[in-house]
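Note sheet for the following structure.
Throughout, protein chains are lettered first and strands after them, A, B, ... in sequence-line order, and every chain is numbered starting at 1.
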Protein chains: 2
Amino acid sequence: MKIGVIGGGQLARMLALAGLPWAHEFTFLDPAADACAGPLGRLLIADYDDERALLELAAQTDVVTFDFENVPARSLEVLAGRVPVYPGARALAAAQDRLHEKALFGELGMATAEFVAVDDGTALSAAIAELGLPAVLKTRRLGYDGKGQWLLRTAAEVEVAARELGDTPALLECLVPFEREVSLIAARGRDGAVVFYPLSENTHCNGILHTTVCRADDPLQGAAEAQVGRLLETLDYVGVLAVEFFQHRGELLANEFAPRVHNSGHWTIEGAETSQFENHLRAILGLPLGSTRPRGHYAMVNLIGAVPEPARMLAIPGTHLHHYGKTARPGRKVGHITVACAAPGVLPPELLAL
Amino acid sequence: MKIGVIGGGQLARMLALAGLPWAHEFTFLDPAADACAGPLGRLLIADYDDERALLELAAQTDVVTFDFENVPARSLEVLAGRVPVYPGARALAAAQDRLHEKALFGELGMATAEFVAVDDGTALSAAIAELGLPAVLKTRRLGYDGKGQWLLRTAAEVEVAARELGDTPALLECLVPFEREVSLIAARGRDGAVVFYPLSENTHCNGILHTTVCRADDPLQGAAEAQVGRLLETLDYVGVLAVEFFQHRGELLANEFAPRVHNSGHWTIEGAETSQFENHLRAILGLPLGSTRPRGHYAMVNLIGAVPEPARMLAIPGTHLHHYGKTARPGRKVGHITVACAAPGVLPPELLAL
C-alpha cells in the first residue's frame, strides 16, 4: 500500500519503520527539506496546507495519516473525498483546541483539573481571581512540549504572562499537585475494535517528556481504559490515540489527548508484542489490531539536544537506540533509548547518568 | 555511519531495517535493478565483482558487509585496504567450499556426517562404493536452498546425478537419519566478545527452510556453543554466523555454516532482546553486542512463492508480517511471519494452514 503522512518528523519516521517490513511505501508532506522521515520514502517539500502538494499526496497514496495534531483544517478539506484520512477531522478539531478538548472530557465524564477560559491577556486577572494561584495558563491552540504555557505563582508572573499572551485565546487551569503523570495509548480499528497498552508512567524535565516506564497491572488501568474507550467511541476514532492523565489523590484527571502515536508509547517498539506504530498502521489500513502484551519491564528515555556516544549507551544491557537522524540542537528530541529493565521501573543507573 | 552491503536481497533489507533506527545509511551492490533492499538506501547496480562499483562502494562507506556467502574472492581483493570488510576473507573462503568447510569442522573437533570428496561425475561410483546408499551429493561451491544437491537412493539416481554433475567438484555425504535439524546463531564483536542465541529448530520443505522454532534451554545448547565458539575464534570472526547441525542419536553433527545473518534467525527480530541483524551491525561497527535473551516462545514461518492476504495472517494473535517487497515466484522466499506462541513450539494451527 502507499501511505501518505502529513508531517515528516520522528513519528512519521517510526511509522515508516513499522511499515517498511510490510513493503509499504511512504510519502511525507513536510515544509522542511531535511525532515527526518524523508530518507525512508518520498518527501513532498511544501507547507502543510499547500493545495498542489496535498492533491499530489492524495493522488499518490491509498490512505493518509499525520504525525502531529496541528494539521490545518484546510488540508483535511483538500484531501476529503480524494483519499481516506485517519484519524478523522473531528478528532483533530477536538485535539487542536484545549477548551473544546476539556469540554469533551467533561461530556464524557472524564474528570479534569478545574479550568476557566481566558479570552485574552486582559481577562487573565479575572480568571486568577476565580481559580487562585498557583495556576497554569495555556494557549487554546498550537501548544506542545511546554510551549504556549506559563506557570503562574506570583503577581509578577501573571503580569508577564498577560502581556505575552496578548489577544491569544487561552485557558487557565489549577496547578494540580499530582502524584504522577500517566498516559494510556489505545488503538481503534476501522471496524471499531479497540486495544489498550499498559499505562505509561511519564516524567517530564523542562516541560519535555524525559522518561516513560511501562506499568503493567497498574491499579488505574481499568479506569483509564473505560474513559479512553468512551473517547474513542465518541470520536469514531481510527488509529492510535494517547490520553495524558494526572493522578491526583489516587484518581485520574484527564489532561490532554493526542490523535496520533505518542512519545510515551515509544517503549512499545521493543516492549510490546505489537508497537503503537504497527497498530496505527493496522488500524488505518483496516487490518486486525495486534496484541499489546508487554514483553517485559520496559522503559524509555528521551535523548534531548544530542545523541550520546552509541558505544556508551549500547554497553548498558538491554538498551536499544533510536536515532532520529536530526541535527543536534538544545531542547530538541533527537532520539530515544528503550531499555529492558530487570524489574518494573528500575532503570539502569548508567542510563540515567548519560 | 555509512554501511555498504554486497548483495541487496532480503537479508540486506533486514540489516538496513535494523540500522535505520540508528540513522545509519546503506549502500547496496547488486546486479538486479529491483533488488529488494534497494528502496532502503542507495543501490549500485553492478555485478558483484565489478571493479568500478566496488571502488565506489569503498569510497562511499565506512564499513562493508555482505548478505550472501558466495561473494567472489576478487571483490574482497578490490575492497581490501580501502574499507574494513566484515566478516573477513578467511571466513568467506571456508564457507564457499564444502570440502574446506568440512575439513575445518574436523580440525575443530566438530563431528559431521561421513563424507568423501568427489572430483567429478566419473568419480561418483567409487565414492558410492565407499559410503553406500542412500547418500547426498553436493557441489563443493555455490549451493543454497537445496540447489546443487542430489539425493541418491538408486543406481538410476546415481547415473543421472553423475551426468548432471559433469566436471564440477563435489562431495558425497552419508544420508543421516537425523532426529531434527537445529542451528546456532552467534555474533562475535571486533573485540572478540561472543554472544549466542538459543538454538533454532528448523523444518525444511522441498529443500527450503519452512519453519523455525526458538528452543530456549535446549539440552544441546551448551555443546553447540562450545563448537561454534571454537569456529568463531579460529576464523577471528566478526559479525553474525550461523551453524546448521543435525541431531543424530542425540549428538550434534555439523552440517554447514553461513558467514552471515541467517534465515533460521529471523525470529530474533521480535523474539529476542536484540535481533541477529542489530547484533551483526553492532559487531561490524565495533559496538558492544546486545542481549540475546528470548522475549517469549517465538517461531517463524517462511512465506514461499507468494505472500498470503495480510488481513488473514494478522488476524492470528501474536503474528508479525515481514514482506520483502519481492515479486511473487514459485519457490521464492518472499517474506516470513514471526509468531509469539503460547508454549514452546506450539504454532497457531491457522498459521500452518495459510
Side-chain angles (χ1 to χ4, degrees), chain A residues 1 10 13-14 16-26 36-37 39-42 193 269-275 278-279 281-282 285-291 293-296 298 307 309-326 334-336 338-340, chain B residues 1 10 13-14 16-26 36 39-42 191 193 269-275 278-279 281-282 285-291 293-296 298 307 309-326 334-336 338-340:
Chain A
M1 301 281 275
Q10 65 264 26
R13 184 179 165 91
M14 287 185 273
L17 285 170
L20 289 171
W22 295 358
H24 294 316
E25 291 168 33
F26 288 81
C36 73
L40 301 186
R42 185 152 174 266
I269 296 176
E270 289 87 9
E273 189 57 54
T274 313
S275 78
E278 180 172 336
N279 260 334
L281 294 179
R282 288 185 184 225
L285 293 170
L287 293 168
L289 300 177
S291 162
R293 180 186 72 83
R295 287 170 168 160
Y298 280 83
V307 175
E309 178 55 46
R312 278 178 58 208
M313 287 183 282
L314 296 175
I316 304 167
T319 50
H320 299 277
L321 169 63
H322 298 260
H323 185 312
Y324 304 151
K326 293 159 75 171
V334 290
H336 74 267
T338 312
V339 60
Chain B
M1 302 282 274
Q10 65 265 24
R13 184 179 165 92
M14 288 185 272
L17 286 169
L20 290 170
W22 295 359
H24 293 316
E25 291 168 32
F26 287 82
C36 73
L40 302 186
R42 185 152 173 266
D191 60 356
I269 297 177
E270 290 86 9
E273 189 58 54
T274 312
S275 78
E278 180 172 337
N279 261 334
L281 295 178
R282 289 185 184 225
L285 293 169
L287 293 168
L289 300 178
S291 163
R293 179 185 72 82
R295 285 169 168 161
Y298 280 84
V307 175
E309 178 57 45
R312 278 177 58 207
M313 287 183 282
L314 296 174
I316 304 168
T319 50
H320 299 277
L321 169 63
H322 298 261
H323 185 313
Y324 304 151
K326 292 158 75 171
V334 292
H336 74 266
T338 313
V339 61

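- Between A:Leu40 atom CG and B:Leu40 atom CG the span is 8.0 Å, to the nearest 0.5 Å.
- Highest contact tally toward chain B, considering only A:Met14, A:Arg282, A:His322, is held by A:Arg282 [criterion: heavy-atom pairs under 4.5 Å].
- Of the listed residues (A:Ala311, A:Ser291, A:Gly325), the greatest number of heavy-atom pairs within a distance under 4.5 Å of chain B belongs to A:Ala311.
- The heavy-atom pair separating A:Arg13 from B:Ala23 by the smallest distance is NH2-CA, 3.7 Å.
- In this structure, chain B has no heavy atom under 4.5 Å from any part of A:Glu25.
- When each of A:Leu287, A:Leu314, A:Leu285 is checked for heavy-atom pairs under 4.5 Å with chain B, A:Leu314 comes out on top.
- Between B:Tyr298 and A:Arg295, the shortest heavy-atom distance links the atoms OH-NE, 3.2 Å.
- A distance-only check finds a donor-acceptor pair linking the side chain of B:His320 to the backbone of A:Glu273 [under 3.5 Å].
- Contact of A:Phe26 with chain B is not made at all, since no heavy-atom distance falls under 4.5 Å.
- The greatest number of non-hydrogen atom pairs below 4.5 Å with chain B, out of A:Glu278, A:Glu270, A:Met313, A:Arg293, is found for A:Glu270.
- Among the candidates B:Ala340, B:Ala315, B:Pro288, the residue making the largest number of heavy-atom pairs closer than 4.5 Å to chain A is B:Pro288.
- Neither the backbone nor the side chain of B:Pro317 comes within less than 4.5 Å of any heavy atom in chain A.
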